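Inspection log for the structure reproduced underneath, given as structure tokens.
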Amino acid sequence: MGKAFGMRMVVVCALLGAAPAALLAQTPAPAPAAPAPAAPPPVEAFAQLPFVAHIAMSPDGQRMAGIFNLDGKASMCMISIAATAEPPRCLPVDAKGVVHWIQWVNNDNIVVRVGVQIPVGERLWYVERLFAVNRKTAAVQRLLWDHGGQHGADLLWVANDGSPDIVMATQSSVYSDEIGFFPAAHRVNVETGAHKVVRASQVDVFDWVADGSGQVRAGYALDDRTGTARVFYRSETGGLRVIDRANVRARESVEMPVAFIPGGEGAVVIRNATDKPARLVQVDMATQKDTATLYTAPEGSRIAAVQTGRDGAVLGVRLEGAQAGLRWLDPTLAEAQALFAKVLGDRRATILSHSDDRKKMLVRVDRADSPGALYYYDSGEGVLRRVAWFNEQLQNRRLADVSLARYKARDGLEIEAVLTRPQGTEGKRLPVVVMPHGGPWAHDSNNYDYWAQYVASLGYLVIQPNFRGSTGYGEAFERKGEGQLGLAMQDDLNDALNWAVAQGMADGKRACLVGASYGGYASLWGVVRDPGVWRCAVAVAPVTSLRRDVNDMADGNYQANQSRIAWERMTPDFGAVSPANGVARITAPVLFIHGRHDTTVMPNQSDMMVGRMRGAGKQVDYVQLPEADHYFARQADRLSLLQATGAFLQKHNPVP
């Protein structure tokens, strides 16, 4: 562990242990950020990894676990929040793997979900596993890693009585004609690794749901050949039975429980409809009748997920759309959130994790134009105490202004976009970067974005359109992307530029595309399809041959098959909208950036496209990062990404 980090944690722990109790309303507000100096922050400041990611508070609220930035490298740590005598317990993170989340099992053990790419025959497969770490001994326990399946990290339940037990589901085979291809549920002791099967594999059932006591109560089955989906349910004492079925290829849907009410037959389901507000509903599973409406979402929003406690209680909902974010239903958390909103002014508070009694919390306080800080809150004291800045170099400095705007596409569809405007300019006729998001089933929001902020710091107006097909705006909006990959979805990017030009903000003759993953594809496709519109493009980890990318999804892989179905709905002809088939049309210079450890979009996608462009005499630069993954999780790789992007833009689309 780095000396600077260790000293910082000692100081922080001392601060947390020494400050007196006070009312939240009396907590002094931080001093206003100083006026921005003429010079923007250095690129290294934007590239700095966040202080912590995947943060989780222990059940008793005394410790936190997460992926911490130690001297520019990621380490998984368990750290006491208040006790200065307890040293942090840290383990290095393998650069070849991806950490998805961390969760406490009890006050002594955490489980971590990781993914890594491994060779299976002649192909590379993305394999997920769980491992546990004990904070006292630092012992690492691999959980069912000897099982031969691809997906072995589905956490169904965590004990809430202090015992080191979980229920997890895992495959034991990668072959779809074997029963082990469908996951079985196991009860596992995370300290010893001892386990027993509590729900055997069942043909076509790939997802299980457990109740608050760890009993597996529901399963989702999908016959991949016919498109028939079924929901299985069992009462507390009975066997599994089918309670719902539908043809997903015909756009029918089943209603799957997302949580169970402790005791009895009550379950919670999400209902997102296109013609009425989204609702969270309690259902009697024995009779299939509604018993209560727990929450009704605001108009224009949909319920994306439900937040539950370790006891199974429903604590809140996560919304997408018009009023995106967490909405707490638990009174203690809702009261704390209301207090934060009252005293923080233009800053935003997000409860990242909390103790089992909901009295202690880890809170992020930030703005769209600043990365913000991590705070600790104890409702018994009523004080927000800063633990650390998420970005020590930037701290609470206000950067480029971020706002949401709406424009109309050429067919009249209203599109929302995130605008990041450079500081120190009049905001008129600026050189512009249109930055499409990845996915495409995702969306950008008005949150701090280190990449967009860095590009804006160079003097560019940055536009991030949530083009048709993006999530967060309802099912009807998502469906408008179907059949429109490379067509109307691409028009939406051009129309964002046209709108900004009409508003006087952008210079239409100085426009470039910059994006990653699907955004990399859209950036590359833009200079293929519309060579007269875009002055240059930066394609990071792009899909260049859609058919090849879809075919790279392994046969027999359940999740990949579902993704393949979704992709095939996006276009009837992959070849017609694949950049690899349109090299001859490219006239603008293109920069490719790809990590060799990318497990989401294979590096051969860029290799192939760069080879074809060079063979055709096109202007192409290629930055290959030997240790980078799809998400640029290493600080050195993030710095390389920003440096290459900035140098390329300044060369081919210079700011006057």
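Quick caveat, the model's predicted, so the values are computed rather than measured.
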Open item on the list: Looking at Pro277, is its backbone amide N or carbonyl O close enough to the side chain of Glu299 to form a donor-acceptor pair, meaning the two atoms are under 3.5 Å apart?
Closed with: no

- [ ] Check whether any side-chain N or O of Asp204 sits under 3.5 Å from a backbone N or O of Ala221 as a donor-acceptor pair, and report yes or no.
- [x] no

Task: Salt bridge Asp607-Arg596, side-chain N to carboxylate O under 4.0 Å - done: yes

Open item on the list: For His151, is there any backbone N or O sitting under 3.5 Å from a side-chain donor or acceptor partner on Glu128?
Closed with: no

Task: Distance-only side-chain donor-acceptor flag, Asn494 / Arg410, under 3.5 Å - done: no

Open item on the list: Quick check on salt bridge (Lys or Arg N to Asp or Glu O under 4.0 Å): which of Arg529, Arg468, Lys480 does Asp491 satisfy it with?
Closed with: Arg529

Open item on the list: Here's a test for you: under side-chain contact (heavy atoms from CB on, under 4.5 Å), which of Asp621, Leu524, Val623 qualifies with Phe592?
Closed with: Leu524

Task: Close side-chain approach of Val402 and Tyr448, heavy atoms under 4.5 Å - done: no

Open item on the list: Would you say that Val620 contacts Ile586 through its side chain, given a criterion of any heavy-atom pair below 4.5 Å between the two side chains?
Closed with: no

TODO: Could you pull out the closest heavy-atom pair between Leu319 and Arg327, with the gap in Å?
DONE: CD1-CG, 3.6 Å

- [ ] Could you tell me which residues satisfy side-chain hydrogen bond (donor to acceptor under 3.5 Å, both in side chains) with Glu482, sequence neighbours excluded, listed by chain and number?
- [x] Arg251

Compile the donor-acceptor pairs under 3.5 Å between side chains in residues 536-544 and protein atoms, sequence neighbours left out, one pair per line.
{"residue": "Thr544", "atom": "OG1", "partner": "Gln605", "partner atom": "O", "Å": "2.7"}
{"residue": "Thr544", "atom": "OG1", "partner": "Gln605", "partner atom": "OE1", "Å": "3.2"}

Open item on the list: One thing to verify: whether Arg421 and Asp369 come together as a salt bridge, which I'm taking to mean a side-chain N less than 4.0 angstrom from a carboxylate O.
Closed with: no

Task: Side-chain donor/acceptor of Trp525 to backbone N/O of Gly486, under 3.5 Å - done: yes

Open item on the list: Once disulfide bond (SG atoms under 2.5 Å apart) is applied, what residue pairs with a partner in residues 567-608 remain, sequence neighbours excluded?
Closed with: none

TODO: Identify, with sequence neighbours excluded, every residue that meets side-chain contact (heavy atoms from CB on, under 4.5 Å) alongside Ala229.
DONE: Tyr220, Leu222, Val248, Val254

Task: Val98 and Asp629, any side-chain heavy atoms less than 4.5 Å apart - done: yes

- [ ] State whether the side chain of Asp244 and the backbone N or O of Glu255 hold a donor-acceptor pair below 3.5 Å, judged by distance alone.
- [x] yes

Open item on the list: Could you work out, with side-chain contact (heavy atoms from CB on, under 4.5 Å) as the rule, every residue matching Ala273, not counting sequence neighbours?
Closed with: Asp275, Lys276

Open item on the list: Could you check whether Glu414 pairs with Lys408 (Lys NZ or Arg NE/NH1/NH2 to Asp/Glu carboxylate O, under 4.0 Å)?
Closed with: no

- [ ] Considering non-hydrogen atoms only, spot the tightest contact between Met435 and Pro465 and give its length.
- [x] O-CD, 4.0 Å

TODO: Find out whether Trp499 and Ile415 are in side-chain contact, i.e. whether some heavy atom of one side chain is under 4.5 Å from a heavy atom of the other.
DONE: no

TODO: Could you tell me whether Asp507 and Lys509 have a side-chain N and a carboxylate O separated by less than 4.0 Å?
DONE: no

- [ ] Report yes or no: does His54 contribute a side-chain atom to a donor-acceptor pair with the main-chain N or O of His100 at less than 3.5 Å?
- [x] yes

TODO: Would you check if the side chain of Tyr454 reaches a backbone N or O of Thr645 as a donor-acceptor pair within less than 3.5 Å?
DONE: no

- [ ] Determine which pairs satisfy side chain to side chain donor-acceptor pair (under 3.5 Å) with at least one residue from residues 573-591, sequence neighbours left out, and list them in order.
- [x] none

Open item on the list: Is there a side-chain contact between Arg199 and Leu240 in this structure, where contact means two heavy atoms from C-beta onward sitting under 4.5 Å apart?
Closed with: yes

Task: Flag, side chain of Gln288 to backbone of Met285, donor-acceptor distance under 3.5 Å - done: yes

- [ ] Would you confirm whether His652, through its side chain, and Pro589, through its main-chain N or O, come within 3.5 Å as a donor-acceptor pair?
- [x] no

TODO: Examine distances only and state if a side-chain atom of Arg638 and a backbone atom of Trp451 form a donor-acceptor pair shorter than 3.5 Å.
DONE: no

Open item on the list: I want to check something: taking the side chain as every heavy atom from C-beta on, are Leu404 and Leu419 in contact at a cut-off of under 4.5 Å?
Closed with: no

Task: Leu649 side chain reached by Cys512 side chain, heavy atoms, under 4.5 Å - done: yes

Open item on the list: Suppose we call two aromatic rings close when their centres sit under 6.0 Å apart. Are Tyr518 and Phe467 close by that rule?
Closed with: yes

